[in-house]
Q: 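The structure that follows is given in the form of structure tokens.
Proteins get letters first, then strands, A, B, ... in listed order; numbering begins at 1 in each. FYI, side chains are in, hydrogens and waters are out, and symmetry mates aren't considered; it's all heavy atoms of this structure. Everything numeric here is computed off the predicted structure, so don't read it as measured data.
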Amino acid sequence: MKTIPVEAYFAVSTALFVLGLLGMIVRRNLVTVLMSLELALNAVNVAFVGADYHMGLVEGQIFALFIIALAAAEAAVGLGIIIAIFRYRLVDSTDEITDMRG
Amino acid sequence: MNWNALIPEFVLSGGILLLFALELFLREKYYRFFTALAAVIVLISSFSVLMVNYPVSTLFGGFSVSAFNLTAKFLLGIITALVLLSSYDFFEKKNSAYGELSYLYLITLLGFMFMLSSENLAIVFVGLELASISMYILVGLFRKNYISKEGAFKYLVLGTAGTSMFVLGTAFVYASTGTLVLNLQKGSGTFFALGVLLLMSALALKVSAFPFHFWTPDAYEGAPTPTTSFLATVPKVAIYFLFAKLTLYLFSSLTSWKFLIGSIAIASMFYGNFLAYAQKSVKRLLAYSSIAHAGYFTLALTLADKFLISSLLFYVFVYALSTLGAFTVLSILEKKDLWTHNFSDFKGIAKEHPVLASFLAFFLFALIGIPPMAIFVGKLGIFMGLIKGEMLILSILFVIASVISAGYYLKVIVYMFFFQKEKSFGAVKVSTGESITLMISSTGILLLGIFPGILLDYLFRLPY
């Protein structure tokens, strides 16, 4: 049986991470920006679990659990801020929250 | 299990739970009491580092105390207490006295304390996140103020991007070294280099160095001013302690490290200093000054040199004191109705408030690096360290950038002292807490400037 090389896991993980960051830059909807960030954070889990499988360790999997929990916490705070913005302005696009510039 | 090592964290966590419970029952009517209590808890916690026996490692090697991180905890505690003291009157006047404010500052501090004490990258990450998430909330906690929510969202988005870079970097380092525990190891290979690059970018983002600085002006401007003074001081001190530790343990074994961090440093020094001239608001100007300072600080990380790192830590602490003072003066002025921090508002306020204007001028002179103030000693230390390490070009650029920076600080002083008043705002009272903060930070800067040995000799003797 052929084993998957650790570089493959990291390639997938980095690709997902870059997609997440691109989404953060390109997307205009506030909630979609938040989802892209979640993608970038959770992409790293693939790398951790893949590295663990390759090396026969468990520390990376524990780290992946930490990431899942903290990503959820961040999403909660982010959604709270989006709701606050929506209550003041009734907007949900990044083009419209540009009061501060420079 | 050795619980003695965790005393400062236990005191702080107990205090947070106490404040949390009290806030449920007493509500916002007792906001001033909560803040005073929070300041007392922070002070007890930071003085309880004296009871810790060091060096020791506990919690299965996940948590260790040394003279290095105990010093960091002590300094962070002092600054947080000063921020808390200067905050209450502002929030009461602005009708934004959330009870949560008192303990969110403490939770941030707790996160940084855990981050600094850990030798394990997983716990460093958890501590950093605990602090960051609380700071996103703190930026947004300003009642009936839209700008603060916008600043909070921008800070959250870019802060989370930084966090994800931090975890990806950790994954690469983990795959190349096979462990999450930090010790003096020589890594090599593409994975290690990528990991170091990502970790460095993440930390550069958290300290607002140049290519990752976008959140800084907006978060600083949007946040209520006492929170801005917190954002500009406590995370900076904490993350430079971490940055110094990671540079010694991990980063400096990368061959191109000098080039990487040196280019970030040069770019942020010049970018921050030039853009600061274009600002119309003094609060934003100070944000750009903090980007420029991020450049000066990262200069000191080019070499894993004890002299440079001790002067860096000294410099960061005195920089935190003077920024704290400057933002405290701004928050006192902001208690006036319709105050906007624009330059036109600052015209001629020296006539109306000679003492406040002199304090602001004092802190700005300190930020330029005029000799009797302590920042001069910090700048001199970094300059001498760079010369000693034969980084001649970097040290010359450092001096040029410092000279350029003098202009915009002086601009504020000129507006305050030599212009005629245009608009008239109501009177403003300085509360006890604010005057304590101003007194302590200005005496601290002068004292450490005249007798830098008090702190600097101690930092030189620290084992790393």
Side-chain angles (χ1 to χ4, degrees), chain A residues 6-7 9-10 13-14 17 20-21 24-25 30 33-34 36-52 54-57 59-60 62-67 69-71 73-78 80-89 94 96-102, chain B residues 120-123 125-126 128-130 132-137 139-141 144-161 163-172 174-176 178-181 190-191 194 198 217-222 275 278-281 284 288:
Chain A
V6 71
E7 285 81 7
Y9 291 107
F10 274 82
S13 164
T14 315
F17 178 80
L21 287 194
M24 178 198 113
I25 298 163
L30 294 181
V33 169
L34 211 58
S36 311
L37 284 172
E38 293 300 296
L39 180 65
L41 260 180
N42 284 299
V44 186
N45 292 341
V46 180
F48 268 116
V49 177
D52 263 0
H54 190 75
M55 295 189 288
L57 298 170
E59 281 156 285
I62 297 167
F63 201 138
L65 285 177
F66 282 160
I67 296 173
L70 283 165
E74 242 162 22
V77 173
I81 295 171
I82 290 174
I83 291 171
I85 289 176
F86 192 75
R87 282 216 301 229
Y88 283 99
R89 285 283 165 94
T94 49
E96 290 163 280
I97 55 163
T98 51
D99 280 25
M100 289 183 287
R101 280 171 174 281
Chain B
N120 188 318
L121 279 171
I123 299 175
F125 166 67
V126 174
L128 187 61
E129 273 307 273
L130 178 58
S132 304
I133 295 177
S134 325
M135 285 194 293
Y136 307 145
I137 305 172
V139 173
L141 272 184
K144 301 222 166 100
N145 187 309
Y146 162 74
I147 294 277
S148 117
K149 312 296 178 292
E150 184 183 322
F153 188 74
K154 288 176 175 170
Y155 187 20
L156 178 118
V157 169
L158 290 165
T160 311
T163 308
S164 49
M165 285 196 279
F166 186 87
V167 282
L168 191 62
T170 313
F172 276 115
Y174 176 61
S176 73
T179 174
L180 288 171
V181 180
T190 324
F191 269 33
L194 270 173
L198 282 161
D218 290 347
Y220 280 28
E221 192 187 355
L275 268 269
Q279 299 311 314
K280 292 188 188 71
S281 146
R284 269 183 104 81
Y288 277 95

Q: Let me know if A/S36 has heavy atoms under 4.5 Å from chain B in its side chain, its backbone, both or neither.
A: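 Interface part for A/S36: neither.
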Q: For this output row, return yes or no: ring centroids of B/F191 and A/F10 closer than 6.0 angstrom.
A: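 B/F191 vs A/F10: aromatic centres under 6.0 Å.
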Q: Using the ring centroid of each side chain, check whether A/F66 and B/F125 are separated by less than 6.0 Å.
A: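 For A/F66 and B/F125, the ring centres are not under 6.0 Å apart.
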Q: Taking side chain as everything from C-beta outward and backbone as N, CA, C, O, which of these in B/L141 sits under 4.5 Å from a heavy atom of chain A? Side chain, backbone, both or neither.
A: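 For B/L141, no heavy atom lies under 4.5 Å from chain A.
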Q: Is it the side chain or the backbone of A/I62 that comes within 4.5 Å of chain B heavy atoms, both, or neither?
A: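 For A/I62, neither part sits under 4.5 Å from chain B.
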Q: Side chain, backbone, both or neither: which part of B/K154 has an atom under 4.5 Å from a heavy atom of chain A?
A: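 The side chain, not the backbone.
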Q: Select, from B/G178, B/A278, B/S281, the one with the greatest count of heavy-atom pairs under 4.5 Å involving chain A.
A: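 When all of B/G178, B/A278, B/S281 are compared, B/G178 has the most.
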Q: Sequence neighbours left out, what passes side-chain hydrogen bond (donor to acceptor under 3.5 Å, both in side chains) with B/E221? Give chain and number order.
A: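 With neighbours one apart ignored, the set is B/R284.
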Q: Identify, with sequence neighbours excluded, every residue that meets side-chain hydrogen bond (donor to acceptor under 3.5 Å, both in side chains) alongside B/Y136.
A: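 Not a single residue meets the side-chain hydrogen bond (donor to acceptor under 3.5 Å, both in side chains) criterion with B/Y136.
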Q: Of the backbone (N, CA, C, O) and the side chain (C-beta and beyond), which part of A/R87 lies under 4.5 Å from a heavy atom of chain B, both, or neither?
A: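 Neither part.
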Q: Rounded to the nearest 0.5 Å, what's the gap from CD on B/E129 to CD1 on A/I67? Could you check?
A: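 Nearest 0.5 Å value for the CD-CD1 distance: 10.0 Å.
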Q: Could you tell me whether the side chain of B/Y146 and the main chain of A/A84 form a donor-acceptor pair under 3.5 Å?
A: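 Judged by distance alone, no pair lies under 3.5 Å.
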Q: Considering only heavy atoms and a distance below 4.5 Å, find which of B/L194, B/L168, B/V139 pairs most often with chain A.
A: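 Greatest number of close heavy-atom pairs with chain A: B/L168.
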Q: Using non-hydrogen atoms and a 4.5 Å limit, figure out which bit of B/T190 sits close to chain A: side chain, backbone, both or neither.
A: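 Neither part; nothing is under 4.5 Å.
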